[in-house]
Amino acid sequence: MVDALGVAVIGFGWMGRVHTQAYARLPHHYPRLPLRPRLVTVAEEVPGRAEEAAERFGFASATRDWREVAADPRVRAVSVTAPNFLHREIGVAMAEAGKHLWIEKPVGLTAGDARAVADAVARAGVQGTVGFNYRNAPAVEAARELIVSGGIGAVTHARIRLFSDYAAHPDSALTWRYERARGGNGVLGDLASHGTDLARFLLGDIASLTADTAVFVPERARPAGATAGHAVASGGAPGPVENEDYVSCLLRFVSGARGVLEACRVSVGEQNTYGFEVHGTRGAVFWDFRRMNELGVSRGTTYQDQPVSTVYVGPGHGEFAAFQPGAGNAMGYDDLKVIEAHRFVRSIAEGTPYGATVGDAVHSATVLDAMTRSARLGSWVDVDGG
């Protein structure tokens, strides 16, 4: 028998829609899941947006006040896709109300924010899933298995990159994303948070680092009204960009491996150029998000001139079989969020965490805080605060 799971979505921009569609697709891809999400309510403060979402996607009700979600007995699980500065307040409130939590990264503006949400989840005994979606790609999970099994030998060094042009236009609107008080540390929380999670997922904990940051577009136009996404707002009064456009970072892992992490939101000519290269003593593995279902793999004992093979992931890798019958059939970004939704709902059904948790968000945020501290000091710092 399948039980209904009342869910709510707080914040209905693009990511709110992605979460909603992921819930709707769960029975299609995971028919044996013992809980079936039921869309109870959607909360969005922009006038008319919640009502539009309810009509389009089938929520039973809509509200402009997220606090009503905490008090709604029909809701057992909540997706938090609101702006970053609201994550701590909403996340803690939902956990304290006994709601299971699927919250987007970076779970607040600092490691303290992420830790507050994690502590609230632990006290309440609810499940807490975090939107580190790139680790859900079957190719990434296959890469991790290869690395952990010693398939490329002992890892020596890695490079993780997250380049995008979403903020490259100089006339893009000065939204909350560019304010320190509401957008936190800019590209660190937005993109580098994924990079730090991938680094730890693939290679283990980071011991120390040194980072450099920069703002390349120092002013943007203030929007005249509500905005969505990364809209252009030319003609408005200019205001200062308060947080980072770019970060580069050298990493030292607990294992002894070395790494380079680089992220930028103003990279002209780069559209979602996310990926990694991991090198070991007997081989290497390569992944590019834009070719999400492929891995470049080199392994053996040739060392010099050792070839690289392209591996198309298939039903034996990660959750691929829930979406496609054979290798060479592509999965897409939204599928990664369906996997995430499945792991969230499975965690609720079984009472055991699956996938990325709020604890993983604390680890990521701790590394991001260390990057900020290192860039300010101009020196190496220990990730644990030294």
Side-chain angles (χ1 to χ4, degrees), residues 3 5-11 15 19 22-23 33-35 37 40 43 66-133 135-136 184-185 189 193-194 196-201 204-206 254 337 339-370 382-385:
D3 293 328
L5 176 71
V7 301
V9 176
I10 299 176
M15 188 54 66
H19 276 231
Y23 285 129
L33 196 61
L35 292 175
V40 171
W66 61 261
R67 293 167 184 83
E68 292 183 7
V69 176
D72 193 333
R74 300 173 299 169
V75 175
R76 292 178 56 199
V78 179
S79 281
V80 178
T81 59
N84 298 349
F85 64 93
L86 295 172
H87 284 190
R88 176 174 180 161
E89 182 182 10
I90 296 175
V92 169
M94 294 302 144
E96 289 179 344
K99 316 295 188 186
H100 300 287
L101 191 65
W102 178 12
I103 187 168
E104 277 303 315
K105 56 82 206 168
V107 190
L109 306 182
T110 65
D113 287 349
R115 194 170 291 110
V117 175
D119 289 346
V121 165
R123 287 195 304 270
V126 297
Q127 297 298 321
T129 292
V130 175
F132 287 130
N133 38 262
R135 63 154 65 187
N136 298 327
N185 48 18
S193 59
H194 284 299
T196 57
D197 181 67
L198 282 174
R200 182 167 172 264
F201 182 67
D205 288 335
I206 299 166
V254 171
K337 301 307 278 191
I339 294 171
E340 203 165 271
H342 169 248
R343 289 172 176 170
F344 175 48
V345 175
R346 184 183 177 190
S347 297
I348 297 169
E350 299 182 16
T352 300
Y354 292 96
T357 68
V358 286
D360 294 310
V362 173
H363 282 285
S364 174
T366 301
V367 176
L368 298 180
D369 281 3
D382 292 337
V383 168
D384 64 5

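In this text the structure is predicted, and so the values were computed from the model without any measurement. Throughout, numbering of the chain's residues begins at 1 and tracks the sequence.
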How are the rings of Trp102 and Phe344 set relative to one another: parallel (under 30°), tilted (30 to 60°) or perpendicular (over 60°)?
tilted
Can a donor-acceptor pair be found, under 3.5 Å and without considering hydrogens, that links the side chain of Asp382 to the backbone of Asp384?
no
Measure the CG-OG1 distance between Asp360 and Thr196 for me, rounded to the nearest 0.5 Å.
10.0 Å
Asp3 CG to Ile348 CD1 distance, which is reported to the nearest 0.5 Å
12.5 Å
Please report the interatomic distance CH2(Trp66) to CD(Glu89), rounded to the nearest 0.5 Å.
4.0 Å
Ignoring hydrogens and angles, tell me if any N or O in the side chain of Lys99 forms a donor-acceptor pair with the backbone of Val75 under 3.5 Å.
yes
Is it true that a side-chain atom of His87 and a backbone atom of Glu104 form a donor plus acceptor pair closer than 3.5 Å?
yes
Min side-chain heavy-atom separation Asp205-Arg200 under 4.5 Å
yes
Does Tyr354 offer a backbone N or O that forms a donor-acceptor pair with the side chain of Ser347 under 3.5 Å?
yes
Reported CG-to-CG distance for the pair Leu368 and Leu109, which is rounded to 0.5 angstrom
11.5 Å
Find out whether Val78 and Ile90 are in side-chain contact, i.e. whether some heavy atom of one side chain is under 4.5 Å from a heavy atom of the other.
no
Taking atom CZ of Arg346 and atom OG1 of Thr352, what is their separation to the nearest 0.5 Å?
8.5 Å
So, the side chain of Thr366 versus the backbone of Ala111: is there a donor-acceptor pair under 3.5 Å, distance only?
no
Could you report the tightest heavy-atom contact between Ser364 and Ser193, atom names first, then the distance?
OG-O, 3.3 Å
Distance-minimising heavy-atom pair for Val254 and Ile206:
CG2-C, 4.4 Å
Starting at CE of Met15, measure out to OG1 of Thr81 and round the result to the nearest 0.5 Å.
8.0 Å
Carboxylate-amine/guanidinium proximity below 4.0 Å for Asp197 and Arg135:
yes
Less than 4.5 Å apart, side chain to side chain, heavy atoms only: is that true for His19 and Val7?
no
Ignoring hydrogens, what is the shortest heavy-atom contact between Ala116 and Val92? Give both atom names and the distance.
O-CG2, 3.8 Å
Does the pair Glu340/Lys337 count as a salt bridge with the N-to-O cut at 4.0 Å?
yes
